[in-house]
Amino acid sequence: QVQLQESGPGLVKPSETLSLTCAVSGYSISSGYYWGWIRQPPGKGLQWIGKIHYSGSTYYNPSLESRVTMSFDTSKNQFSLNLRSVTDADTAVYYCARVSSSSYCDYWGQGTVVTVSS
Amino acid sequence: QSALTQPPSASGSPGQSVTISCTGTSSDVGGYNYVSWYQRHPGKAPKLMIYDVTKRPSGVPDRFSGSKSGNTASLTVSGLQAEDEADYYCCSYAGNSNLVFGGGTKLTVL
């Protein structure tokens, strides 16, 4: 059974970088699939952040592209999200997920709450 | 791209059917057969219920079905059960490797 678990600081100061990691178990991330990040701001719907392919190719939401970087750590079977220059608007529950080639997310993490505040 | 439009709430009695709509544009829902639906219970991870508009993953009851007409996709839950009470989100491929989600629908089983 594929399982994903997000981890990272729950509180980030404005203008700093939000860094999250998603640990994957039950599947080797270098075996295939895309691996993505989705977030949900308070009171709003889900928002696509982007995805990374096991080959290293990345695809980001154009509205966030200038601030986002995703990467792999295959030795630890995990992938990461960095979001730079955060503001209050980046406060959200952040989810990681496995993404198929036809763009559905078949396995998700439980989500981690990140608050941007000084 | 703008979020897909879903009704904020839907409800039905046990045994009844309920349909949740998801309206987009010709650049997302209407342009691709890559619509998926997710169920999320409070505090739990979202669960894939429907993918590629009409397909059900293994283990999802056949009470759940998906369809699409033009720029609007729909999720129908037949034979409502108490455990179906949850938030439901639609998602569509929107081109250039981007996805767009709906705002979510809270389904209440009366």
Side-chain angles (χ1 to χ4, degrees), chain A residues 1-7 22-26 33-65 68 70 89 92-113, chain B residues 1-9 20 22-24 27-29 31-60 66 73 75 86-106:
Chain A
Q1 176 75 344
V2 180
Q3 293 184 311
L4 295 87
Q5 180 66 57
E6 306 89 349
S7 62
C22 181
V24 180
S25 60
Y33 282 94
Y34 296 86
W35 302 87
W37 291 93
I38 302 100
R39 70 181 183 180
Q40 184 169 30
K44 297 187 178 181
L46 296 169
Q47 181 186 30
W48 173 248
I49 299 173
K51 65 182 181 183
I52 181 169
H53 190 250
Y54 75 95
S55 65
S57 299
T58 53
Y59 307 87
Y60 303 140
N61 184 326
S63 68
L64 298 170
E65 187 168 18
V68 171
M70 295 181 186
V93 178
Y94 285 76
Y95 295 96
C96 59
R98 190 176 81 169
V99 186
S100 77
S101 57
S102 63
S103 298
Y104 58 86
C105 302
D106 57 355
Y107 293 97
W108 294 65
Q110 295 266 26
T112 188
V113 177
Chain B
Q1 64 274 30
S2 299
L4 306 177
T5 300
Q6 296 181 237
S9 63
I20 299 171
C22 170
T23 301
S27 296
D28 38 63
V29 175
Y32 307 93
N33 288 322
Y34 293 142
V35 175
S36 52
W37 289 89
Y38 304 89
Q39 176 192 68
R40 191 182 67 189
H41 288 107
K44 297 290 185 72
K47 177 184 178 182
L48 177 67
M49 304 302 285
I50 296 288
Y51 68 99
D52 294 353
V53 180
T54 61
K55 298 176 182 177
R56 257 189 330 272
S58 174
V60 172
L75 172 72
D87 293 329
Y88 290 84
Y89 295 88
C90 62
C91 176
S92 174
Y93 181 67
N96 296 318
S97 295
N98 282 308
L99 302 184
V100 61
F101 286 88
T105 297
K106 182 176 178 61

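A, B, ... follow the sequence lines: proteins, then strands. Residue 1 opens every chain.
The contact between A:Y60 and chain B is made entirely by backbone atoms, counting heavy-atom distances below 4.5 Å.
A distance below 2.5 Å between sulfur gamma atoms is met by A:C96 and A:C22.
Every residue meeting the side-chain contact (heavy atoms from CB on, under 4.5 Å) condition with B:Y32, not counting sequence neighbours, appears here in chain and number order: B:Y34, B:Y93. Looking at residues two or more places apart in sequence or on another chain, you find a side-chain contact (heavy atoms from CB on, under 4.5 Å) between A:S55 and A:H53, A:S57.
If you take OG on A:S63 and CD1 on A:I49, they are separated by 9.5 Å, rounding to the nearest 0.5 Å. Within the model, atoms CG of B:N98 and OG of B:S27 stand 11.5 Å from one another, a figure rounded to the nearest 0.5 Å.
Scanning residues 36-44 of chain A against chain B with a 4.5 Å non-hydrogen threshold yields A:I38, A:Q40, sorted by number.
Ring geometry for B:Y38 versus A:W108: interplanar angle over 60°, hence perpendicular rather than tilted (30 to 60°).
For chain A, the option among B:S36, B:P46, B:A45, B:G104 with the highest count of heavy-atom pairs below 4.5 Å is B:P46.
Here salt bridge (Lys or Arg N to Asp or Glu O under 4.0 Å) pairs that include residues 41-58 of chain B, with residues two or more places apart or in two chains, are B:D52-B:K55.
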